[in-house]
Amino acid sequence: QMQLQESGPGLVKPTQSLFLTCSVTGFSITSGYYWIWIRQSQGKHLEWMGYMTYSGETFYNPSLKSPISITRETSKNQFFLQLNSVTTEDTAMYYCAGDNSGYWYFDFWGPGTMVTVSS
Amino acid sequence: AIVLNQSPSSIVASQGEKVTITCRASSSISSNYLHWYQQKPGAFPKLVIYSTSYRASGIPSRFSGSGSGTSYSFTISRVEAEDVATYYCQQGSSNPLTFGSGTKLEIK
């Protein structure tokens, strides 16, 4: 059974960069699936941030206020999310997820990692 | 971006009662790309209904969905105490993928 687990710094200062890791077990991230990042603000709004395909292609939400980058380390079966110059608006629970449906629904999620942006 | 307007924002229901949540899209969506999630406090959103009307694995038959075009609905036929959660619709029809604002279900 595939499992995902997020990890991150917990607390980041404004203007710093945020780097999150999603570790995948039970399935190779190069064998299939779209690998996705979603965040949920304190107000509970869910925001899809972007994805990486199993072949390494990426697509990002053009509505995001700040640019992001999704990368991977195939030898560790991990993919990553980087946000630069974070603001307090980036305070959220960050989830990684996997989708193989063809219809963009998410049936595999990590438990989430909370990120607080504060000085 | 397609905006999903969910209503109501909250529901208070008695056990055994039927509840219905509506999700209206700002543009037409193929029914294959409209999905519903249940999120309990402290947990990730759990897929309940995919492609408008198909129950995800392990989901009880009291949960159902229907709709087409710009109007979709999610129904719990007989609410149970364990159904207390926030429910979200989500569209995968066009990028960026978007979620509704959520409906919080509480039990009287």
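Below, chains carry the letters A, B, ... as their sequence lines are ordered, and counting in each starts from 1. Hydrogens, waters and symmetry mates play no part in the numbers below; they use all other heavy atoms, side chains included.
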When you check the gap from the basic side-chain N to the acidic O, do B:Asp83 and B:Arg62 get nearer than 4.0 Å? yes

Under 4.5 Å from any heavy atom of chain A, what part of B:Ala56 do you find: side chain, backbone, both or neither? neither

Answer with yes or no whether the side chains of B:Gln38 and B:Tyr87 bring together a donor and an acceptor at under 3.5 Å. yes

Around atom NZ of A:Lys76, are there more than 12 heavy atoms of other residues, nucleotides or ligands at under 6.0 Å? no

Turns out that what part of B:Tyr33 lies under 4.5 Å from chain A's heavy atoms comes down to both

A:Phe106 portion near chain B, given a 4.5 angstrom heavy-atom threshold: both

Which bit of B:Gln39 is near chain A, if near means a heavy-atom gap under 4.5 Å: side chain, backbone, both or neither? side chain

Less than 4.5 Å to any heavy atom of chain B: does that hold for the side chain of A:Phe59, its backbone, both, or neither? side chain

Counting heavy-atom pairs under 4.5 angstrom with chain A, the leader among B:Thr98, B:Leu34, B:Asn32 is B:Asn32

Quick one: are the ring centres of B:Phe44 and A:Tyr95 less than 6.0 Å apart? no

A:Ile38 versus chain B, heavy atoms under 4.5 Å apart: side chain, backbone, both or neither? side chain

Describe, in one word, how the ring planes of B:Phe63 and B:Phe74 are oriented to each other, choosing from parallel (under 30°), tilted (30 to 60°) and perpendicular (over 60°). tilted

